[in-house]
Trainee: 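Would you mind keeping the following structure in view while I ask a few things?
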Amino acid sequence: ASVNECFDISFKVMLLGDSAVGKTCVLVRFKDGAFLGGNFIATVGIDFRVRETPIWDTAGQERFRSVTHAYYRDAQALLLLYDITSKSSFDNIRAWLTEIHEYAQKDVVIMLLGNKSDMVAERVIKREEGEKLAKEYGVPFMETSAKTGVNVELAFLAVAKDLKHRA
Ligand code: GDP
Ligand code: MG
């Protein structure tokens, strides 16, 4: 029997956003929480297959982009990240959402995350700006920190609840 049969449901989740916003760190933080001491998976009964897309920061862009589009079609949920200390990563969220609407499943669960919330001195994007953008696109929003762990599990939990409703 596969490990997967231990769980009620399994979902594919993809982390998106510009290079260096913290996708890998958020994923590592979530997995550590889930497997070391946390009881997220047991509580929610969901196995997440999370992956990060190799986009925009990768050599051979065009080839990777077409691979990425196949990932989009596969994903049931997308966590879209910017870095609260990087205006360009925030400005690029609109382009990411355009791409999502073009390639993702129509009923995909999307969540916007403003990461690196621990970097208070370097912040350039206010929480309200993130909230406003999320509202404009009708997606939920949270600020997270992969460094301290703030809201990382909560973000996945919110996505899990949304997915479970639809399953
Ligand atoms: P990715 O390219 O989106 O996968 O970004 P990474 O996860 O590799 O992170 C890029 C850089 O940002 C690394 O130096 C991380 O240590 C740092 N970083 C990621 N998340 C956070 C965070 O929440 N807070 C702080 N202070 N640094 C972070
Ligand atoms: Mg990465």
Side-chain angles (χ1 to χ4, degrees), residues 11-41 47-104 108-134 137 139-160 163:
F11 290 112
K12 287 183 187 156
V13 182
M14 198 159 73
L15 292 158
L16 300 168
D18 282 8
S19 181
V21 295
K23 298 181 294 296
T24 301
C25 290
V26 164
L27 181 50
V28 166
R29 169 63 77 172
F30 171 65
K31 285 187 168 165
D32 284 354
F35 293 109
L36 308 171
N39 59 357
F40 177 85
I41 287 176
D47 173 32
F48 277 122
R49 314 277 197 80
V50 192
R51 77 199 306 178
E52 189 187 328
T53 51
I55 312 191
W56 285 5
D57 53 341
T58 318
Q61 273 189 1
E62 290 311 315
R63 190 169 66 82
F64 275 98
R65 286 179 73 83
S66 60
V67 170
T68 304
H69 296 159
Y71 287 176
Y72 273 116
R73 285 191 294 275
D74 243 25
Q76 279 116 357
L78 304 172
L79 292 178
L80 179 55
L81 281 75
Y82 65 88
D83 168 357
I84 66 154
T85 74
S86 161
K87 181 159 181 352
S88 60
S89 76
F90 181 71
D91 291 342
N92 282 336
I93 290 295
R94 288 182 187 280
W96 281 108
L97 284 163
T98 300
E99 184 157 303
I100 287 167
H101 287 128
E102 191 167 349
Y103 296 106
V108 71
V109 171
I110 303 169
M111 179 145 195
L112 181 65
L113 300 179
N115 190 44
K116 307 195 188 180
S117 63
D118 59 282
M119 297 181 72
V120 285
E122 295 88 352
R123 176 193 284 274
V124 295
I125 305 298
K126 294 192 194 94
R127 179 191 298 266
E128 296 73 41
E129 293 177 81
E131 280 168 355
K132 190 171 170 230
L133 185 64
Y137 284 88
V139 300
F141 170 73
M142 273 184 202
E143 284 193 344
T144 54
S145 169
K147 186 174 178 182
T148 66
V150 163
N151 280 347
V152 171
E153 252 188 46
L154 265 183
F156 279 87
L157 186 61
V159 165
L163 286 167

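Remember, it's 1-based here, ligands and their atoms both numbered in the order they're listed. Given the structure is predicted, the values throughout are model-derived calculations rather than measurements.
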Trainee: For a quick check under 3.5 Å, do Asp83 and Asn115 share a side-chain donor-acceptor pair by atom type?
Mentor: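 Short answer, no.
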
Trainee: Considering only heavy atoms, does Asp118 approach ligand 1 within less than 4.0 Å through its side chain, its backbone, both, or neither?
Mentor: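 It is the side chain that gets close, since no backbone atom is under 4.0 Å.
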
Trainee: Report yes or no: does Ser19 have an N/O/S atom closer than 2.8 Å to the Mg ion (ligand 2)?
Mentor: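 No, outside the cut-off.
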
Trainee: Give the C-alpha distance, both sets of side-chain angles, the deciding distance and a yes or no for side chain to side chain donor-acceptor pair (under 3.5 Å) between Ser145 and Asp118.
Mentor: CA-CA 6 Å; Ser145 169; Asp118 59 282; 2.7 Å; yes

Trainee: Counting both backbone and side chain atoms, is some N or O of Asn115 under 3.5 Å from an N or O of ligand 1?
Mentor: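 By distance alone, the answer is yes.
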
Trainee: From atom 10 (C) of ligand 1, work out which of Gly17, Ala20, Ser117, Ala146 has a heavy atom at the shortest distance.
Mentor: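 Considering heavy atoms of Gly17, Ala20, Ser117, Ala146, the nearest to atom 10 (C) of ligand 1 sits in Ala20.
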
Trainee: Looking at Arg123 and Glu129, does any basic side-chain N land under 4.0 Å from a carboxylate oxygen?
Mentor: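 Salt bridge between Arg123 and Glu129, a charged N being under 4.0 Å from a carboxylate O: no.
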
Trainee: In terms of the angle between their ring planes, are Phe30 and Phe156 parallel, tilted or perpendicular, with boundaries placed at 30° and 60°?
Mentor: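 The arrangement is parallel - the two ring planes meet at less than 30°.
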
Trainee: Ignoring hydrogens, just give me the one of Lys116, Met119, Glu143, Arg29 whose non-hydrogen atom is nearest atom 11 (C) of ligand 1.
Mentor: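 It is Lys116 whose heavy atom sits nearest to atom 11 (C) of ligand 1.
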
Trainee: Does the side chain of Tyr72 pick up a donor-acceptor pair with the side chain of Glu99 at under 3.5 Å?
Mentor: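 The answer is yes; a qualifying pair exists.
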
